[in-house]
Amino acid sequence: MTLRSLIGNWMSPRRATWSAGVMFVGLLLLVVWEMRHFYHNQQQQAQAHTAANAEMVAQWMESVLDASRHSLQGVAELYRLRQNQSLAQQDLANLLNRRRDSLSVWQDVAVLLPEGGIVAATAPGSFSFDDSPWLQALASNDAGSESAVSPLYREADSGTPYLLHALRIENGGGELEALVVARLSPGYIVHVVNQMPVRRGESVAILDITARVVIQRSDQQREAEALRGKAVSTEQLNAFLDSSVVSDSWVRQSPLDGDQRMFTGRKLQAAPWLVIVGENTTVYLHDWWRRFWALLIGILLLLALGSLTLRHYRQLYVAEQTLREHRNRLSEEVAARKEMQQASELKAAQLKIAALAFETHLGMFIADANNRIVQVNDTFSEITGYREEEVLGQTPALLNSGRHDADFYRAMWQQLDESGRWQGEVWNQRKSGEVYPQWLTISVVRNDAGEVTHYVATLSDITQRKAAEKEIHQLAFFDSLTGLPNRRLLIDRLEAALKDTQREGHYSAVMFIDLDNFKTINDSLGHYLGDALLNAVAARLSGIIRDNDTVARLGGDEFVVMLHKLGSNEQAATHSAEAVGQKLLKTLLEPIDVDGHMLQVSGSIGITLFHGEEVGVSAILQQADLAMYQAKAAGRNALRFFDPTMQAAVIDCAQLEADLRHVIERQELTLFYQTQVNAHGDVVGVEALVRWEHPSRGVVSPGVFIPLAEESHLIGPVGAWVMETACEQLAQWARDPSTEPLSIAVNVSPNQFRQVGFVEQVETVLAQTGANPQRLKLEVTESLLMEDLEAVCERMEQLRELGVRFSLDDFGTGYSSLAYLKRLPLDQLKIDQSFVRDVLDDPADAAIVRTVIALAHSLELEVIAEGVETQAHRDWLYSEGCMAYQGYWFSRPGPVETLSL
Ligand SMILES: Nc1nc2c(ncn2[C@@H]2O[C@@H]3COP(=O)(O)O[C@H]4[C@@H](O)[C@H](n5cnc6c(=O)[nH]c(N)nc65)O[C@@H]4COP(=O)(O)O[C@H]3[C@H]2O)c(=O)[nH]1
């Protein structure tokens, strides 16, 4: 753990000291344990070493004494020989000398008699039985052994040390006969011991039985004469001698040189001697001490370092604590200041917000409890025109416009009292006197006691908003062109009127007005004049009806007039409505000057009365619409009342339309053909005429359902079916040479022709059926040419390029124009049957037919007359130059099988 991490963890110095102390003690114990172990180890080594040396010396001494004992026994044998007379005295003496000479350890040897005589001796003067109590003891056999080694003696005169090694010679009865005594030379032993290697700190000593030094040697001093014979009795030595153990070790101060040593003592078997080998503790513990001192120094250094570190840590800790306290105090102070700053910022922001809020686009004023203005903002001044100083102390009544009565203000104050808030629209007056609408919100401010202290009012000028509302209202409910109410407002008013009639029981009327020839005027003179015309018509209609009646424009040239309260009598109401209607028709007929163009329009008016019946607004409008169509059907400038039977027709028509939607899938269509013949009466082609075989109505005429299909956009599938069937028929005829030249004229209604992809559709059908395009003739009507002549031309050209031919049907019924006749890629003109029908009786029709024929010739177009019902028709036409005919005179339309080709 680093100091930094300690600090980082904020361990207290006390704890850190404890931790360091524990660690140190742990380390110390480890060191002590190791040192102790090492100490014992060193001691054991020293003990083993001294024991080995002691053993070695002991072994050597044993061998020396063994040799001495053997020699003693040899001398004893010699003695016995002497006793047996086998050996002469002199020989014995000689033999003793030789023995002494051969044994280095012997200094002298003698055979002594117990009664004190000497049998033989190498140096007779050197032995005296009486001198030695030890010998006497041996003679008495107190020693209990056969041989023995004496303690160390000193010669009385010279002080020379010596030892005796003696052997008892016994007779057969065990009684002592003589003693063989050898005087041992300590010098020899010293000499030999001196040969032994003694290392530094080692010592070797041989002690006699009385613990006197026989020989002592150490590394410092060789054989020390002075010490020989010195008693070295110590506590440990005595204990060892008293014990029965052969070898033992101990540590103590040497009684000889004072050095501390490890001693190992070894008792000898052959003599009551000891070998003591010592090793100086200083030497064998040298490594231990060295390690001890190294570790001690290390520990002391560690201790010093630890103390320093702890001291440093304590200082750091104290500094850190102080720093932390400072930091905490600083943080608290910063937090407190921040809080104060935030509070002041918040307050400033609130003030700013309040100030900004006060200076908004809304006018604001604050009045005290007495309703006296105490503060206004700039917007207030902008709206009202009053500067602040002009209104301070005034009541808001200053702004009153006078448009609101006392009740209005009473209700305002009452609500303020009750709910503390009022808001609403108020008309006030600016300083300039201008009255304007404003949206006013007043809030009551109360103190803690609930007393009113202020009124805070916000006001916004809603002049523009009201104008915008008015404009939106105008756009939503009024026709932008004429300014008349639109369909939406008409419906609103109708609903209100319906409720009126229900409530009051009177009649009201709705008139549907459609201008008869507006479309032509609009197309020919342009939209600008068309719009001007509509405006003029609107003005005229408005000028005729009463104020509480309504004139509305539904769109295009459709206008609706609603007449209110026509009385409770139906007949009278009908008369009134009719009278108004007639008046409207009359006024419409009057020429109108539009931008210098004197235009004349007429109208068709459908009228329906309502009288609180259970009919809805849309039903009323539908009735008027139907009646208007009735009027249109009756010719222009007409007026019709709604007839309930019309309604049935409408419903019937709707049902038919629903059935028409399934006509293809139910396979209810068939194709009839009507022949077209030339001047010779030969069939040159046919016209395909579709039939609807309705399951309940029977055969429905195309004159009925084709217009319906056009209106309901079902002409596409119906026309496609006809085209496909006719082309299949052509392809079939093409296979027969007699019928191959026949052509089929197929009617194409305007909407079908204008459909996107019509050209491609024809092309596909031709390709799929394999019909010859030259045999296909498309009959188009004049009405097709009324819109976008360019596009129609282009499309016709495309079809013409496929080989398809064109016939213009119903020519003369519409706005026949030479201009487009010249431009269109036509092949044939078809004279309408309506002209043919009366051609013989009506000179006008005859003139038209003549003109058409002449026109066709001049344009190099074929011409065919339809509706030829009689021979007279045919002959007249022939005489006028028309060479192709179609009509009942030749054949009625029928299935292909009925054709006589
Ligand atoms: N009074 C009288 N009538 C004669 C005489 N000869 C023929 N008609 C009838 O006159 C109509 C001639 O056809 P349209 O003028 O093309 O007039 C057709 C045509 O405009 C339209 N129409 C018929 N089939 C189709 C069709 O497949 N597609 C389209 N778009 N229109 C068709 O329906 C109209 C009526 O067709 P239809 O009822 O079949 O009536 C046919 C035919 O039956 C006659 O001598 N006297």
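Counting convention: from 1, in listed order, for ligands and their atoms alike.
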When you check ligand 1 against the protein, what N or O pairs turn up below 3.5 Å? List the atom names and distances, or just say none.
from     : atom 1 : to   : atom 2 : distance (Å)
ligand 1 : 1 (N)  : Q833 : OE1    : 3.2
ligand 1 : 1 (N)  : E869 : OE2    : 3.0
ligand 1 : 3 (N)  : Q833 : OE1    : 3.0
ligand 1 : 3 (N)  : Y888 : OH     : 3.4
ligand 1 : 6 (N)  : Q674 : NE2    : 2.9
ligand 1 : 10 (O) : Q833 : NE2    : 2.7
ligand 1 : 15 (O) : E866 : OE1    : 3.2
ligand 1 : 15 (O) : E866 : OE2    : 3.1
ligand 1 : 16 (O) : E687 : OE2    : 2.8
ligand 1 : 16 (O) : N747 : OD1    : 3.0
ligand 1 : 16 (O) : D809 : OD2    : 3.0
ligand 1 : 24 (N) : V690 : N      : 3.1
ligand 1 : 28 (N) : N747 : O      : 3.4
ligand 1 : 39 (O) : R691 : NH1    : 3.1
ligand 1 : 39 (O) : R691 : NH2    : 3.0
ligand 1 : 45 (O) : Y888 : N      : 2.8
ligand 1 : 46 (N) : E869 : OE2    : 2.5

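- Ring-plane geometry between W733 and Y673 is classed as tilted, the angle between the planes lying from 30 to 60 degrees on a 0 to 90 degree scale.
- Residue F478 places its CZ atom among more than 12 non-hydrogen atoms of other residues, nucleotides or ligands, all under 6.0 Å distant.
- Figure legend: R754 and F758 shown without cation-pi pairing, the cationic atom not lying both under 6.0 angstrom from the six-membered ring centre and within 45 degrees of its axis.
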(request) Could you walk me through whether E687 and Q676 pass the side chain to side chain donor-acceptor pair (under 3.5 Å) test, one step at a time? (result) CA-CA 7 Å; E687 180 181 6; Q676 295 177 332; 4.7 Å; no
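- With R553 as the partner, the salt bridge (Lys or Arg N to Asp or Glu O under 4.0 Å) test is satisfied by one option alone out of D531, D479, D514: D479.
- No hydrogens or angles considered: nothing links the side chains of T781 and D809 as a donor-acceptor pair under 3.5 Å.
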